[in-house]
There are 2 protein chains.
Amino acid sequence: MPKVVDHEQRRRELAEAALRVVVRDGAAGASVRTVAAEAGWSTGALRYYFSTQRELREFVATVVNERVERRIRERVEADRGRLPLLELVAGLLEELIPLDERRREEFLLWLAVTEWSRQEPLAGAEELWDGQRGLHVQVVFALAGFEGEPVNVDPRVQTWAEYLHVFVDGLATQAMFVPARMPPERIRAVLREFLAEVPRLAAG
Amino acid sequence: MPKVVDHEQRRRELAEAALRVVVRDGAAGASVRTVAAEAGWSTGALRYYFSTQRELREFVATVVNERVERRIRERVEADRGRLPLLELVAGLLEELIPLDERRREEFLLWLAVTEWSRQEPLAGAEELWDGQRGLHVQVVFALAGFEGEPVNVDPRVQTWAEYLHVFVDGLATQAMFVPARMPPERIRAVLREFLAEVPRLAAG
DNA sequence: AATAAATTAGCACAGTCGTGATAGAAAGAG
DNA sequence: CTCTTTCTATCACGACTGTGCTAATTTATT
């Protein structure tokens, strides 16, 4: 029998090459040839795993989502009540904001995915948002002084989770597009100031 | 002497064709040929007014900025104290949020400009932000019950202007990218709820 | 070693891209 | 009318795009 490779792993490897190309050359620069070259393969090999460009792009979208979710999860699991609550929470939410080169790249990738899906809708665009909304509910739930799992949450908690979600998205947008006006330190400070208001407002 | 055309006006006409193409085909679709065709001219004619693609893109950026600013200004001048303050303010800020097709197109255009300027920096990216920040200061200044021009504004006003600016950017982002989760009615409601909180918080 | 299936490389095709260059058309001044 | 300058159309060039296709290569099994 023939040589056999782990398809899923190879796809992942090729997708990561695509990520690098997008970060380097922008959404429009991720052609079949550039991605293949970045991965060190021929275009034929690439097209054996992604028979069409659309398939590749959809896979890139899922990989990006996975990355963000994994980082959040790791951060939650790493802390065992050692950090002050507000600091822990701020750290979590900062994972969603392009404050350094790594997170900036992720944001760029997400932008590229949305740009692609404007031409032809790609799978898995709203899943990321749902996960983030859940995170914000948990955060406000905890900040408001509640314990345990956030089930049947107070409407005020729900409302301020929504506000906080919107606020963090706004911070991310400004951190990305006007870094001169909103440098990382300023973003961090504004986030913490706002978070400090939340317990009083959300708990009543 | 020869036939003479109003250069500035012709440039504007061509730029608007470019806007339509970007809205229809995305940032990557705005090529010299497609824009020329959309405008009903030959590529040679287009390149007579924009000798390089970069020039065209920079001009598109300025046209987009002008549009948003003009609409805001018109709205301010149209109202002469007839609307309740909160309603006037909400209407102003909604001009920055992609709630209908028109504003959605403007947001798309702005996204295209930022995508372009990732490859090679374009002039006039941060001017838009400065104008918006000024608007938010005015808004919070008025909401907090102050009169006249916002000079030497209270630090609390400054802070909540910043918060509101971030919040509105977040609303715009979500209205654009997860319209199913955050439909226009919801965006409007959330904006007004948040605005209702501002006077109390910003005035002390 | 022979075989057969999985994998890879590479070319071909019909497009599109941005830009340089040049020839022709248009139109007001003399 | 002719001239002169502005404007417009068009072709050429090399490079790039996604995809179809085929031939070569690899490799585990018989």
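Quantities reported herein were computed from a predicted structural model and do not represent experimental measurements. Here is how names work: the chains are called A, B, and so on, in the same order as the sequence lines, proteins then strands, and each is numbered from 1.
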What is the distance, rounded to the nearest whole Å, between atom [atom1] of [X] and atom [atom2] of [N]?
X: W41(A); N: dT25(D); atom1: CH2; atom2: P; answer: 16 Å
X: R54(B); N: dT19(C); atom1: CZ; atom2: P; answer: 11 Å
X: Q9(B); N: dC7(D); atom1: CD; atom2: P; answer: 13 Å

Do any side-chain atoms of residues 133-140 of chain B form donor-acceptor pairs under 3.5 angstrom with protein atoms, and if so which ones, sequence neighbours left out?
unit_1: R133(B); atom_1: NE; unit_2: H165(B); atom_2: ND1; d: 3.1
unit_1: R133(B); atom_1: NH2; unit_2: H165(B); atom_2: ND1; d: 3.4
unit_1: H136(B); atom_1: ND1; unit_2: Q132(B); atom_2: O; d: 2.7

One thing to verify: whether [Y] and [X] come together as a salt bridge, which I'm taking to mean a side-chain N less than 4.0 angstrom from a carboxylate O.
X: R12(A); Y: E16(A); value: no
X: R75(A); Y: E94(A); value: no
X: R54(A); Y: E58(A); value: yes
X: E105(A); Y: R20(A); value: no
X: R10(B); Y: E13(B); value: yes
X: R82(A); Y: E87(A); value: no

(request) Could you walk me through whether F146(B) and F141(B) pass the ring pair (Phe, Tyr, Trp, His ring centres under 6.0 Å) test, one step at a time? (result) CA-CA 6 Å; F146(B) 293 101; F141(B) 188 78; 5.2 Å; yes
(message) Give the residues of residues 15-36 of chain B touching DNA chain D, defined as any heavy atom closer than 4.0 Å, sorted by residue number.
(response)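 Contacts with DNA chain D under 4.0 Å: R33(B).
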(message) At a heavy-atom distance below 4.0 Å, what parts of residues 42-50 of chain B sit against DNA chain D?
(response)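 Those residues whose heavy atoms fall under 4.0 Å from DNA chain D, taken from residues 42-50 of chain B in numerical order, are S42(B), T43(B), G44(B), A45(B), Y48(B), Y49(B).
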(request) With the side chain of R10(B) defined as its heavy atoms from C-beta on, choose the nearest nucleotide among dT8(D), dT7(C), dT19(D). (result)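 Comparing dT8(D), dT7(C), dT19(D) against the side chain of R10(B), the answer is dT8(D).
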(message) Does dA6(C) have OP1 or OP2 under 4.0 Å away from a side-chain N or O of H7(A)?
(response)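 Result: no.
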(request) Would you please name every residue forming a ring pair (Phe, Tyr, Trp, His ring centres under 6.0 Å) with W116(B), sequence neighbours left out? (result)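 If we apply the ring pair (Phe, Tyr, Trp, His ring centres under 6.0 Å) test to W116(B), skipping adjacent residues, there are no hits.
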(request) Convert the base pairs of DNA chain C into dot-bracket notation, remembering that pairs crossing earlier ones are written with [ ] and that bases paired across to another strand are shown as |; include only Watson-Crick or G-U pairs under 3.5 Å. (result) |||||||||||||||||||||||.|||||.
(request) Would you list the pairs meeting salt bridge (Lys or Arg N to Asp or Glu O under 4.0 Å) in which at least one residue belongs to residues 171-181 of chain A, sequence neighbours left out? (result)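 Only R181(A)-E126(B), R181(A)-D130(B) qualify under salt bridge (Lys or Arg N to Asp or Glu O under 4.0 Å).
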(message) Is the distance between the ring centroids of F177(B) and W110(A) under 6.0 Å?
(response)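 For W110(A) and F177(B), the ring centres are under 6.0 Å apart.
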